[in-house]
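Starting from 1, each residue takes its place in the sequence as its number. When a ligand or atom number is given, it counts from 1 through the structure's own listing order.
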Amino acid sequence: MELNSAQTDALSIYQHLIRLIVPRPIAWVSTISTSGRTNLAPFSFFSGVGSKPPSLLFCPANRRDGTMKDTMRNVVSQGEFVVNIVSEDVCAVMNQTAAELPEEESEFQTFGVAEAPSVVVRPPRVAGSPAQLECRLMQMIRLGEGGGAANIIIGEIVHLAIRDSVLDARGYADPEKMQVVGRMGGSSYCRTGDRFELKRP
Ligand SMILES: Cc1cc2nc3c(=O)[nH]c(=O)nc-3n(C[C@H](O)[C@H](O)[C@H](O)COP(=O)(O)O)c2cc1C
């Protein structure tokens, strides 16, 4: 099959991309609003960027009506967010937090997600997540206008927290112990337990 993206509607392109770009890591992003209300939502258009400066990006699209999702609005107004890493044991509640709640409701309270204070930024961490990356907004790039339009949030990672029990002997996160999940197409996910080694040339 060949597809010219200029002749294909955005929803179909989206359906293709979420099945082609797999597995995707999940940024479970906590933010805080101008009025101090917390917010939590998952984003799988997410990647690390580099280590100098320590940086990552995630991509909250506009809502169908063209407005910003709560996460994006909070990041833009407060300049801070936390990326919580998603392990198997928190995957189900992570999925619940994708619900579109009224702005004045916090996913932390509604879905009983325990908070833990961050060290450098104001938004809280998810206590049950095995690792958290505290970030400050570096750049926000809007790629389009209206409903579904893509945006890129680039954050500087100002603090890393990794649960001691998932560390290996060298002091790095051990994937075996972390049990991180990945997102596949639609509502399907993958475990990361089945791995193999390739020596780098
Ligand atoms: C695993 C998962 C990954 C998601 N990834 C994205 C994404 O990359 N971009 C996006 O705009 N929405 C994504 N969503 C949908 C948002 O989580 C959803 O729109 C949420 O209501 C946004 O919340 P907010 O308005 O509190 O920011 C994802 C949902 C799930 C379950």
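Distances from atom 5 (N) of ligand 1 to the heavy atoms of S33, G182, S44, A41 put S44 nearest. Among A150, A98, S187, the residue whose heavy atom lies nearest to atom 18 (C) of ligand 1 is A98. When the heavy atoms of G148, C59, P25, A27 are ranked by distance to atom 9 (N) of ligand 1, first place goes to C59. Compare I26, T71, N151 by their heavy atoms: the one nearest to atom 27 (O) of ligand 1 is in T71.
At least one donor-acceptor pair closer than 3.5 Å links the side chain of N62 to the backbone N or O of G146. Judged by distance alone, the side chain of S30 and the main-chain N or O of P123 form no donor-acceptor pair under 3.5 Å. The main-chain N or O of P60 is found under 3.5 Å from a side-chain atom of N151 such that the two form a donor-acceptor pair. No donor-acceptor distance shorter than 3.5 angstrom exists from the side chain of D168 to the backbone of A173, with no hydrogens or angles considered. No donor-acceptor pair closer than 3.5 Å links the side chain of T67 to the backbone N or O of R63.
Nearest protein heavy-atom neighbour of atom 25 (O) of ligand 1: D70 N, 2.9 Å. Protein heavy atom closest to atom 3 (C) of ligand 1, with residue, atom name and distance, is R183 NH1, 3.2 Å. Atom 17 (O) of ligand 1 has P42 O, 2.8 Å as its closest protein atom, hydrogens excluded (heavy atom only). Scanning all protein heavy atoms for the shortest distance to atom 8 (O) of ligand 1 gives F45 N, 2.9 Å. Among protein heavy atoms, atom 26 (O) of ligand 1 sits closest to N39 ND2, 2.8 Å. F43 CD2, 3.6 Å is the protein heavy atom nearest to atom 7 (C) of ligand 1. From the protein, the heavy atom lying nearest to atom 1 (C) of ligand 1 is Y189 OH, 3.3 Å.
Near E107, the atoms of ligand 1 lying under 4.0 angstrom from a non-hydrogen atom of the residue are 26 (O). Proximity to A99 (heavy-atom distance under 4.0 Å) selects the following atoms of ligand 1: 21 (O). Under a 4.0 Å criterion applied to the non-hydrogen atoms of R63, ligand 1 contributes the atoms 25 (O). Below 4.0 Å from some heavy atom of P60 lie the following atoms of ligand 1, by number and element: 11 (O).
Put simply, no part of R73 is less than 4.0 Å from ligand 1, judged by heavy atoms.
Residue K69 places at least one N or O, backbone or side chain, under 3.5 Å from an N or O of ligand 1. Any N or O atom pair closer than 3.5 Å counts here, and A61 shares at least one such pair with ligand 1.
Between E103 and R73, at least one side-chain N (NZ, or NE/NH1/NH2) sits under 4.0 Å from a carboxylate O, which counts as a salt bridge. Using a cutoff of 4.0 Å between basic side-chain nitrogens and carboxylate oxygens, R37 and E105 are not scored as salt-bridged. Salt-bridge check for R191 with E88: passed, with a basic side-chain N closer than 4.0 Å to an acidic carboxylate O. Residues E176 and R195 are paired through a salt bridge, judged by an N-O separation under 4.0 Å between the basic side chain and the carboxylate. We find that D164 and K177 are not joined by a salt bridge, their nearest charged nitrogen and carboxylate oxygen being 4.0 Å or further apart.
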Practice problem: With side-chain hydrogen bond (donor to acceptor under 3.5 Å, both in side chains) as the test, would you mind laying out the steps for W28 and S129 before giving the verdict? | Solution: CA-CA 9 Å; W28 200 11; S129 150; over 6 Å; no
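Between E156 and Q139 there is no side-chain heavy-atom pair separated by less than 4.5 Å.
Neither the backbone nor the side chain of M72 comes within 4.0 Å of ligand 1, counting heavy atoms alone. Of the heavy atoms in W28, none comes closer than 4.0 Å to ligand 1. Only side-chain heavy atoms of N95 come within less than 4.0 Å of ligand 1; its backbone N, CA, C and O stay farther off.
Relative ring orientation between F43 and F58 is described as tilted, the plane-to-plane angle lying within the 30° to 60° band.
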